[in-house]
Structure formats: structure tokens, C-alpha cells
Amino acid sequence: MSNFTATAIAHPNIALIKYWGNRDDRLRLPSNGSISMNLEGLFARTQVTFDPGLTRDTLLLNGKQETGKALERMSGFLDLLRGLARTDIYAQVSSENNFPTGAGIASSAAAYAALSLAAAQALDLGLSEAELSRLARRGSGSACRSIPGGFVEWFAGAEDASSFAVSIAPPEHWRLVDCIAIVEPKPKATGSTEGHRLAATSPLQSARVADAPRRLEACRRAILGRDFDALAAVTELDSNLMHAVMMTSSPPLFYWQPSSLLLMKEIADWRQHGLPACYSLDAGPNVHVLCLEEAAGQVKRRLEEFPEVGEVLVCKPGGPARLE
Ligand code: DP6
């Protein structure tokens with residue numbers, strides 16, 4: 001049998017309404033729905049080759065051969081695809097990011113979205129976008145949102161079949177920009193997968209989840225109506241709620257650095273003085289500053305003035321995962 005190979009590219013995404021905690025950790029069925037924007041310019045490029053000559057899966061990540069947990073996680077995920085294709089052939093996977101890995105810029109989202117698309121193509125599975133999104137979810141929850149393009153909503157769903165993401169508006173719908181202030185390029189101490197398992201230990205998680213439909217509605221409306229003030233209010237609230245849950249878990253998780261809080265307060269102050277910008281932080285200390293395109297130059301310059309900020313990545317809304 002010959003080799004089956006394909007290469008795909010996917011963007012990471014920034015969640016405006018966050019995914020934190022699962023109803024089912026194994027299936028990655030989230031406790032609440034979420035909404036995100038894909039990040040143009042940043043991507044993972046992943047090549048997958050199913051090769052009958054291999055005796056196990058291999059993973060080359062940013063030029064480094066992975067052996068431990070990262071390889072195990074990917075292998076378990078490829079088992080799902082092998083199940084669908086009714087094959088037991090192992091794969092050689094090579095993936096590269098053009099942005100810092102594990103620093104709160106969802107690298108696993110881009111990686112698993114690209115891997116899902118490339119592997120499904122290599123195995124000729126003929127999956128629809130919704131089926132690919134559902135599959136990517138099993139690799140990393142947020143990866144399901146990097147399959148469709150632009151502004152994306154992940155329906156929590158009641159079971160595996162109904163938990164996937166769809167585009168709610170294309171990238172060109174709204175000229176929003178995410179200026180990512182990198183305050184710490186090193187990988188974080190506690191990964192998201194471990195963090196999700198702790199969410200239910202916080203007494204605040206149930207309140208956060210109960211109020212999620214209201215925030216989802218407010219965010220969806222703000223995006224569809226291009227209402228920046230409404231988006232800013234719900235985005236900052238949602239980020240703060242998730243971090244409140246993280247900080248009150250057992251054990252507590254503190255992803256912010258002092259510099260993160262410093263920037264958050266500055267950004268809220270800029271907005272009060274008329275600059276259309278707001279913040280959102282994922283499971284890491286870097287600060288995503290969402291702003292209108294006309295403010296992006298000024299936001300970037302202001303962020304670069306802080307000695308704590310090493311680099312500012314500027315991303316417009318990105319398209320869907322695609323084959324190369
Ligand atoms: C804080 O999707 O990285 O970025 O499913 O375990 O891979 P796993 O978790 P992951 O969690 C993302 C958490 C977040 C919020 C979000 O992107 O919605």
C-alpha cells in the first residue's frame with residue numbers, strides 16, 4: 001500500500017466567550033458554549049503521512065521529536081481517525097507554529113484543527129465542516145472553533161453529535177483586530193486540559209455556567225451588529241469570570257502576571273477615554289487587546305511602550321482551516 005499524505009493550515013483563535021470546564025472530559029463536551037475569532041497571520045502548518053512501514057506514530061513539533069505526553073495525546077486522537085477509516089496504519093506527523101507555543105495563544109487549537117483536516121484528507125474520509133469540527137474538538141476543545149472561518153460559535157451540545165462549531169460571520173464582516181501583548185513567551189505551568197478538570201472545584205463555576213447563555217447572546221448580537229461597546233463589556237466580563245473561577249479552584253490557578261493586571265487596567269482606562277479597545281486573557285499571562293482597525297496602530301504603539309511587553313502580534317479575523 002502506498003503512503004497517504006496531506007498538509008493543512010489552521011489559525012489559532014481568541015475566545016470572546018470562553019470555554020472552561022467540561023461536562024465530559026473524555027469527549028470534551030464543554031460546560032458552556034463559546035464564541036471566538038480566528039487569528040489571521042498566526043498559524044500551525046501540519047503534515048500527516050500514514051505509512052504502512054511505521055511501527056508507531058511519530059510527532060515532530062517545531063523541529064523537535066516529541067516522545068512523552070504530547071505524542072501520547074496525538075496518538076490517542078489519531079486512533080479516532082483510524083477507527084473511522086477502519087485502518088491500523090501509523091502516521092508520521094510534522095507540525096510547525098509561527099507563534100510561541102503554550103503561552104496562552106491557543107497553540108493546541110491551531111495544531112489539532114490542522115491535524116484533523118490533514119489526517120481526514122490523507123485518509124480520504126470525506127467529512128463535512130461540522131464533522132471535522134466535532135472531530136477536532138476531541139483533540140482539543142478550542143480546536144473545533146479553528147475549523148470554520150471568521151467569527152465562530154461552538155454549541156455546547158447535548159452529546160458528541162451536537163457539539164461542534166459554526167461560523168456566525170465571515171472574517172470580512174467586521175474589521176476587528178487582536179493586538180496580542182506578549183509579556184511571557186515561555187510555556188505555562190498548568191495546561192488547559194488540567195485546568196478544565198479543576199473548574200468544577202470552584203464555587204463560582206456554576207454561576208459562570210448558568211449565566212453563559214446570556215453572555216453568548218450579548219456577544220453574538222454585538223458581533224452581528226458591529227457594536228464595539230457592547231462587545232467590550234461582555235468580553236471583559238467573560239474573561240474576568242473565567243479567571244475568577246481559575247483563581248478559586250482547588251488548587252487555585254493564577255495565570256496572570258502583575259504585568260497582565262497592569263495592562264488590563266490601562267486598557268479599560270484607554271476605553272474610558274475614547275479608544276475602542278478591550279482585553280481578554282486565556283490560560284496564560286499574555287493580554288489580547290481587541291480593538292477596531294482604526295485604533296490598532298495606536299494600541300500597538302501604546303502597548304510597546306511598556307517595558308514588560310516583549311512583542312505585540314497584530315491579527316485580523318482569520319479564515320477557516322484549509323488544505324495546502
Ligand atoms: C482558556 O481547548 O486548550 O483558551 O480541550 O484541554 O485542549 P483542551 O483545552 P483548550 O482550552 C482553551 C481554554 C481557553 C478558553 C477558550 O479558548 O475558550
Side-chain angles (χ1 to χ4, degrees), residues 10-39 42 44 69-70 72-74 76-77 80 97 99-116 133-147 151-157 160 163-165 178 180 187-200 202 205 208-209 212 215-216 219 234-235 237-247 249 253-256 260 279-288 290 318:
H11 302 295
N13 62 74
I14 174 66
L16 305 170
I17 302 298
K18 312 285 190 189
Y19 150 51
W20 197 247
N22 285 309
R23 276 177 300 136
D24 183 321
D25 283 317
R26 189 183 63 84
L27 289 176
R28 288 189 154 84
L29 291 177
S31 302
N32 60 276
S34 51
I35 292 181
S36 60
M37 177 181 111
N38 283 353
L39 302 176
L42 307 184
K69 277 192 179 159
E72 234 171 81
R73 177 171 174 178
M74 183 201 72
F77 177 69
L80 297 173
N97 296 329
F99 56 94
T101 300
I105 308 171
S107 54
S108 66
Y112 274 95
L115 176 62
S116 302
S133 173
R134 190 184 301 138
L135 183 67
R137 189 198 84 229
R138 302 284 301 272
S140 173
S142 55
C144 77
R145 297 190 311 241
S146 283
I147 295 286
F151 299 86
V152 173
E153 178 162 2
W154 171 12
F155 307 122
D160 177 48
S163 189
F164 58 91
D178 183 7
I180 311 168
K188 56 204 174 203
T190 307
S192 307
T193 305
E194 223 178 305
H196 288 296
R197 291 179 199 277
L198 299 179
S202 165
Q205 171 72 344
R208 180 189 156 276
V209 169
R215 296 193 307 281
L216 285 163
C219 184
V234 74
T235 296
L237 169 65
D238 192 85
S239 175
N240 293 345
L241 276 171
M242 179 181 73
H243 285 272
V245 166
M246 291 163 160
M247 291 178 205
S249 302
L253 298 173
F254 293 93
Y255 286 109
W256 297 348
S260 315
Y279 64 79
S280 182
L281 285 85
D282 277 344
N286 297 323
V287 183
H288 292 255
L290 280 309

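Basis for what follows: all heavy atoms, side chains included, without hydrogens, waters or symmetry-related copies. Counting starts at 1 for both ligands and their atoms, following the listed order.
At least one N or O atom of Ser140, backbone or side chain, sits closer than 3.5 Å to an N or O atom of ligand 1. The shortest N or O to N or O distance between Ser34 and ligand 1 is not below 3.5 Å. The N/O atoms of Thr193, backbone and side chain alike, include one that comes under 3.5 Å of an N/O atom in ligand 1. In terms of polar-atom proximity, Tyr19 is counted as a contact of ligand 1, with an N or O under 3.5 Å from an N or O of the ligand.
No side-chain donor-acceptor contact under 3.5 Å links Trp20 and Ser31.
For Ser108, the heavy-atom gap to ligand 1 drops under 4.0 angstrom. In this structure, Arg73 is part of the shell of residues with a heavy atom less than 4.0 angstrom from ligand 1. Using a non-hydrogen distance threshold of 4.0 Å, Arg145 registers as a contact of ligand 1.
Each of the following atoms of ligand 1 lies closer than 4.0 Å to a heavy atom of Met242: 1 (C). Heavy-atom proximity to Arg28, at under 4.0 Å, picks out these atoms of ligand 1: 5 (O), 6 (O), 7 (O), 8 (P). Within ligand 1, counting atoms from 1 as listed, the ones closer than 4.0 Å to a heavy atom of Lys18 are 18 (O). Atoms of ligand 1 lying under 4.0 Å from at least one heavy atom of Ser142, given by number and element, are 2 (O), 3 (O), 10 (P), 17 (O). With ligand atoms numbered from 1 in the order given, ligand 1 contributes 2 (O), 5 (O), 7 (O), 8 (P) to contacts under 4.0 Å with heavy atoms of Gly141.
The aromatic rings of His196 and Tyr19 lie parallel to each other, with less than 30° between the two planes, well short of the 60° mark.
Nearest heavy atom pair, residue Ser280 against residue Ile14, reads OG-CD1, 4.2 Å. Closest of all the heavy-atom pairs between Arg138 and Arg28 is O-NH1, 3.2 Å. Considering all non-hydrogen atoms of both residues, Ser163 and Leu29 come closest at CB-CD2, 3.6 Å. The minimum heavy-atom distance linking Asn13 with Ser142 is given by the pair ND2-O, 3.1 Å. When every heavy atom of Ser140 is checked against every heavy atom of Tyr112, the shortest pair comes out as CB-CD1, 3.9 Å.
From Leu216, atom CG reaches atom CD1 of Ile17 across 5.5 Å, with rounding to the nearest 0.5 Å.
Under 4.0 angstrom from ligand 1, the non-hydrogen atoms of Ala15 all belong to its side chain.
Residues that satisfy the salt bridge (charged side-chain N to carboxylate O under 4.0 Å, His left out) test with Arg137, not counting sequence neighbours, are Asp160.
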